[in-house]
Amino acid sequence: MTWFLDNFSHIRDLALTHLWLSIVPVVLGFVIAVPVGWWAQRHSRWRALVLGSGGILYSLPSLPLLVILPGILGTSFLDPVNVVVVLTLYAVALLVRTAADAFAQLPPDVLDAATANGHSGLQRVVRVELPLAGPVLLAGVRVVSVSTVSLVTVGAIIGVTNLGSLFTDGFRRDFTTEIVIGVLAVVAIALLLDGLWVLLGRILLPWSTKTGRAA
């Protein structure tokens, strides 16, 4: 406890950096993956290829990617952008499948009714398909969020500062307290973000909460 209080400002700064490195990839991944998943669901011939590519992408180890990317992007090894890009790729890989499944489960009669009521293609997507797919998409975001918070710590191995730095420094100094505080802080960040996604879902998708209670 004494070490925590003495180093509170340092841990707070690491936590804020960790939070930023976690939120940005999830948001970017969602923005990229939803239209790709929607498109894949509408084109059955390409669906298997798109979803399979996502699986291959997610299987790539993060550490080699973090070493290779600076040469591709022209960034330095310590640039946080490398971590954001790698984690965005992982988020897209996971959320594309979630998005395709979410849009695939929409009732055809509801979509036909929306078209019959005069909705254009874009209006049907925005006003009908996205709201109906919202609960499944939100569930996918929550899973990706927890995964991303954990993966951010890998960046500390190559020197990108975040809460993972408490792990690497604690192991280097054989100081268990620092490692334990790092673990607890990462868990706290994951719970905080999950709570934020749930709150955002209740604000943007209030009908999904009512449906869950009724069931």
Side-chain angles (χ1 to χ4, degrees), residues 19-60 62 65 84-152 189-215:
L19 191 61
W20 177 78
L21 290 174
S22 300
I23 291 177
V24 174
V26 174
V27 173
L28 290 177
F30 182 84
V31 171
I32 296 171
V34 168
V36 174
W38 177 85
W39 182 86
Q41 188 276 327
R42 291 177 61 88
H43 298 81
S44 55
R45 287 190 303 174
W46 294 98
R47 176 186 168 94
L49 177 62
V50 171
L51 300 189
S53 300
I56 294 173
L57 182 62
Y58 191 73
S59 68
L60 297 176
S62 58
L65 282 177
V84 170
V85 171
V86 169
L87 297 185
T88 299
L89 291 176
Y90 286 156
V92 170
L94 288 175
L95 285 173
V96 161
R97 176 173 292 278
T98 301
D101 292 342
F103 289 113
Q105 69 166 6
L106 301 183
D109 55 337
V110 175
L111 303 182
D112 291 340
T115 302
N117 284 331
H119 286 78
S120 66
L122 180 60
Q123 288 173 333
R124 197 180 80 165
V125 171
V126 174
R127 296 178 180 177
V128 180
E129 297 186 39
L130 269 177
L132 290 177
V136 177
L137 294 174
L138 176 62
V141 167
R142 293 178 65 186
V143 172
V144 171
S145 176
V146 172
S147 171
T148 302
V149 170
S150 175
L151 286 171
V152 167
I189 292 290
L191 293 174
L192 173 64
L193 271 185
D194 190 59
L196 288 175
W197 300 131
V198 171
L199 178 61
L200 191 62
R202 289 180 177 176
I203 295 173
L204 297 178
L205 308 167
W207 57 88
S208 64
T209 304
K210 294 178 181 177
T211 301
R213 288 174 181 172

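Qualifying side-chain contact (heavy atoms from CB on, under 4.5 Å) partners for Leu193, counting only residues two or more places apart in sequence or in other chains: Leu19, Ser22, Ile23, Ser145, Val149, Leu196, Trp197. Under the rule for a ring pair (Phe, Tyr, Trp, His ring centres under 6.0 Å), the partners of Tyr90 that lie at least two apart in sequence or sit in another chain are Tyr58.
Side-chain atoms of Ser150 do not come within 3.5 Å of backbone N or O of Val146 as any donor-acceptor pair.
In this structure, Leu137 and Phe30 have side chains that are in contact, with non-hydrogen atoms separated by less than 4.5 Å. Inter-residue side-chain proximity for Val92 and Val36 is flagged as unmet; no heavy-atom pair is nearer than 4.5 Å. Between Leu60 and Leu57 there is a side-chain heavy-atom pair separated by less than 4.5 Å. For the pair Val110/Val128, a side-chain contact is recorded, criterion being any heavy-atom separation below 4.5 Å from C-beta on. Looking at Leu200 and Val141, their side chains never come closer than 4.5 Å, going by heavy atoms from C-beta outward.
At most 12 heavy atoms of other shown residues, nucleotides or ligands fall within 6.0 angstrom of atom CH2 in Trp46.
When all heavy atoms of Ala33 and Leu95 are compared, the pair lying nearest together is CB-CB, 3.5 Å. When all heavy atoms of Ala99 and Val34 are compared, the closest pair comes out as CB-CA, 4.0 Å.
Identified under the salt bridge (Lys or Arg N to Asp or Glu O under 4.0 Å) test for residues 19-33, with sequence neighbours left out: none. Identified under the salt bridge (Lys or Arg N to Asp or Glu O under 4.0 Å) test for residues 100-119, with sequence neighbours left out: Arg47-Asp101. For residues 123-141, the pairs satisfying salt bridge (Lys or Arg N to Asp or Glu O under 4.0 Å) are Arg124-Glu129, with sequence neighbours left out. Every pair passing salt bridge (Lys or Arg N to Asp or Glu O under 4.0 Å) that includes a residue from residues 133-148 is listed here, sequence neighbours excluded: Arg142-Asp194.
Ring geometry for Phe103 against Trp38 counts as perpendicular: the plane angle is over 60°, on a 0 to 90° scale with 30° as the lower cut.
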